[in-house]
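Order of the sequence lines sets the chain letters (A, B, ...), proteins ahead of strands, with each chain counted from 1.
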Amino acid sequence: MTVTTRFAPSPTGLLHIGGARTALFCWLYARRHGGRFVLRIEDTDLERSTPEAINAILEGMSWLGLDYDEGPFYQTHRFERYAEVLERMLAEGSAYRCYCSKERLDALRTEQQTRKVKPRYDGRCRDLQAPPADATEAPVIRFKQPREGHTVVDDRVKGKVAFDNAELDDLIIARGDGSPTYNFVVVVDDMDMQVSHVIRGDDHLNNAARQANILKALGVEPPIYAHVPMILDEAGKKLSKRTGAAGVMDYRDAGYLPEAVINYLVRLGWAHGDQEVFSLDEMVEYFDIADINHSASSLNPSKLDWLNQHYLKMLPRGYVARHLARHLADLGIDPARAGGPDLETVVEAQAERSKTLVEMAQSSAFFYQTPSAYEEKAARKHLLGSETILEALQQSLHALESWDAEAIHEAVMGVAEAQALKLGKVAQPIRVAVAGGPVSPPIDITLELLGKDAALSRLESARQWAIKHAEA
RNA sequence: GUCCCCAUCGUCUAGCCGGCCUAGGACACCACCCUUUCAAGGUGGCGACACGGGUUCGAAUCCCGUUGGGGACGCCA
């Protein structure tokens, strides 16, 4: 049997972090076993499905690098096939037409709720031989669920889960307008696409029993189910659109690398001993459904930050630089045209002091554009009264023949010694002068990257500022 | 309400087919070291088996219950 997994999102919103992890697990399992991974868009809800949401899913998958072997399949393109199976079930007697009105169903539901029993269809039309004379609405089609016994779902993460068939009512598999519903199309698709392993959120565990029964009615062996626990937000609550960056693409925009997000996601609900950092190859090699946790997990943003920084430091500079470019662009900076330092050297200098690419872009902007203003507090502390130091620095740096970190370091040290100051006393004024604030990479590297002309002119501006504010 | 799932540090988790666990790792936090700012790095610290019953020579590990979370109960997916 070739392993086939599928990711089957409904295009009604973003590809959120929970869906992304489900997709990752499915992808990993298929890759692990040299199987197929298919993408299926569950768009049978014409009201809520949107092209934007479809794009968001496709974009998110591709950003994460989760490539699929087949699809995307759209369920709206398969209505003929569903109709065919519906006809067959009607003919075989495993499904029946139900003429109950929505009003009756609603009344039934509220009545059951007040009686404190589980709301379910009472089966009024189950054994009807002909349409009732007073039928007013187009009939829906219901699946004829077994009435007796139990249905056992042998779940690979939850174990054997038994449902009393009396709990499972006759669910609607086609609406009054003839369009098929979720629990039915899933079954037909999984059957047609020969899905061997259904890996999905455990909010579907209850559905598994009904789906397995439909499959059996169709004479097909149900797939292997693996219901993975949910992902909760930081507060341990269900993820909602309001929970900040819930969409995968929001993570990109917030400055995270796909490698970090993937690595973070794989450790949510799954572990391989004590290992925290995994290459894609390692994930594929080690991933196993048996190691998936049983309980829900909450998001831990600071751990994502840590992983992101790890990848910022470890991944090839050129690769990180390409990602950094888009965030610089968001700040209106085009490194190529701004004439500043090579992006890769910036990445090298900034990686260990950045959690995200957004941070890195912000703290590196000064390399490409003169800061519009000094941070007030820093300027007061480090620039005020530093005219002499700044002037000495200008002279000493101006005299440098080769503009490299080593020479710059010597020059700065020289000024500090000449004035009997600790290095910090002269480095901080330089930082504020060139970067606008008190933080930057080591001062010699900062100046080297910035370039001699820019460095000297910013030093001069800072000196002017110091003179002007000393008078006031 | 009914049914289903779950329960180890603040968070992610190792362990779970019982003794190697005075419960390990990671993130976060705190302290110290390093230091040219901020970081990064190093060292150390804080910190959990939800509760109650069993079973057993022995339970985080097995069983039952309680409590607490979560999910499902739609002509949504």
Side-chain angles (χ1 to χ4, degrees), chain A residues 8-12 42-45 47-49 75 98 100 102 105-106 109 112-120 137-142 153 155 157-159 161-164 166-169 171-177 179-183 185-186 201-209 227 229-230 232 234 236-238 264 267-277 293-307 309 313 350-355 363 378 382 409 412-413 416 422-428 430-432 435 437-444 446:
Chain A
S10 61
T12 54
E42 312 232 321
D43 56 353
T44 50
D45 185 348
E47 308 275 295
R48 299 197 302 156
S49 300
Q75 296 184 319
C98 168
C100 295
K102 284 176 185 163
L105 263 18
D106 286 343
R109 200 165 12 248
Q112 286 165 325
Q113 275 161 354
T114 53
R115 261 175 50 218
K116 297 187 190 304
V117 298
K118 188 174 191 169
R120 77 251 269 184
E137 299 185 34
V140 300
I141 300 175
R142 287 182 186 273
V153 176
D155 192 86
V157 355
K158 305 285 187 184
V161 183
F163 296 88
D164 191 331
E167 290 290 331
L168 277 21
D169 64 354
L171 64 279
I172 292 173
I173 56 179
R175 304 181 179 91
D177 65 3
S179 64
T181 62
Y182 169 76
N183 275 298
V185 294
V186 163
D202 69 8
D203 48 341
H204 288 288
L205 184 53
N206 290 287
N207 287 331
H227 288 93
M230 306 270 82
L232 276 17
E234 295 163 64
K237 293 293 170 198
K238 192 177 182 180
Y264 177 69
R267 285 288 286 100
L268 230 42
W270 177 83
H272 180 71
D274 285 339
Q275 190 168 343
E276 296 288 349
V277 176
N293 276 191
H294 295 187
S295 50
S297 37
S298 305
L299 256 18
N300 182 181
S302 52
K303 190 154 190 174
L304 207 210
D305 283 346
W306 175 76
L307 274 167
Q309 178 169 56
K313 290 191 291 186
Q350 299 280 220
E352 68 189 29
R353 68 203 88 239
S354 312
K355 297 287 188 201
S363 60
H382 301 296
H409 180 75
V412 174
M413 283 296 274
K422 289 177 112 177
L423 193 46
K425 281 289 176 194
V426 357
Q428 286 311 84
I430 305 178
R431 281 207 167 79
V432 179
V439 177
S440 88
I443 204 65
D444 47 0
T446 299

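Nucleotide B/G71 holds its P atom 18 Å from the CG atom of A/Asp155, rounded to whole Å. Put simply, NZ on A/Lys118 is 5 Å from C1' on B/C73, counting in whole angstrom units. Per the geometry, CG belonging to A/Asn207 stands 11 Å off P belonging to B/G74, to the nearest Å. Between A/Arg267 atom CZ and B/U13 atom P the separation is 7 Å, expressed in whole Å. At whole-Å resolution of the value, NZ in A/Lys116 and C1' in B/C3 are 16 Å apart. Atom NZ of A/Lys303 is separated from atom C1' of B/C27 by 5 Å (rounded to the nearest Å). One can place CG of A/Asp202 at 8 Å from C1' of B/C6, the figure rounded to the nearest angstrom. The distance from atom CG of A/Asn293 to atom C1' of B/U11 is 13 Å, rounded to the nearest whole Å.
Backbone-only contact: A/Arg109 has heavy atoms under 4.0 Å from sugar-phosphate atoms and none from a base. Using a 4.0 Å heavy-atom cutoff across all strands shown, A/Val161 reaches sugar-phosphate atoms only and no base atom. Residue-level contact check: A/His382 touches neither bases nor backbone, having no heavy atom under 4.0 Å from any strand. Across all strands shown, A/Tyr264 has no heavy atoms under 4.0 Å from either base or sugar-phosphate atoms. Among the protein residues, A/Gly176 comes within range of the nucleic acid bases, having at least one heavy atom under 4.0 Å from a base atom. Among the heavy atoms of the strands lying under 4.0 Å from A/Lys158 are primed sugar atoms or P, OP1, OP2 only; no base atom is included. No contact: A/Ser179 has no heavy atom under 4.0 Å from any strand. A/Gln113 comes within 4.0 angstrom of no nucleic acid atom, judged by non-hydrogen atoms across all strands.
Here B/C32 sits opposite B/G42 as a Watson-Crick or G-U wobble pair (both hydrogen-bonding atom distances under 3.5 Å). In this structure, B/G1 forms a base pair with B/C73, meeting either the Watson-Crick or the G-U wobble geometry with both donor-acceptor distances under 3.5 Å. With a cut-off of 3.5 Å on both pairing distances, the Watson-Crick or G-U wobble partner of B/A50 is B/U66. Across the strands present, B/A59 finds no partner; the criterion is a Watson-Crick or G-U wobble pair with both atom distances under 3.5 angstrom. Across every strand in view, B/C27 sits in a pair with B/G10 that passes the Watson-Crick or G-U test at under 3.5 angstrom.
Taking atom P on both B/U66 and B/U2, the two are 12 Å apart, rounded to the nearest angstrom.
A donor-acceptor contact under 3.5 Å links the side chain of A/Asp274 to the base of B/G24.
By the salt bridge (charged side-chain N to carboxylate O under 4.0 Å, His left out) test, A/Arg431 pairs with no residue at all, sequence neighbours left out. Applying the ring pair (Phe, Tyr, Trp, His ring centres under 6.0 Å) rule to A/His272 yields the partners A/Tyr286; only residues at least two apart in sequence or on another chain are considered.
Side chains of A/Asp177 and A/Ser179: a donor-acceptor N/O pair is present below 3.5 angstrom, by distance only.
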I need a per-nucleotide contact map over nucleotides 29-51 of chain B, read 5' to 3'. Cutoff is protein heavy atoms under 4.0 Å; write B for the base, S for backbone only, - otherwise.
-------BBBBSS----------
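Close to B/G1, at under 4.0 Å from its OP1 or OP2, lies no side-chain N or O of A/Thr114.
In this structure, A/Ala416 and A/Val426 approach most closely via the heavy-atom pair CB-CG1, 3.5 Å.
The side chain of A/Ser295 lies closest to B/A7, out of B/A72, B/A7, B/C12.
Panel note: side chain A/Gln309, backbone A/Glu352; a donor-acceptor pair is recorded below 3.5 Å.
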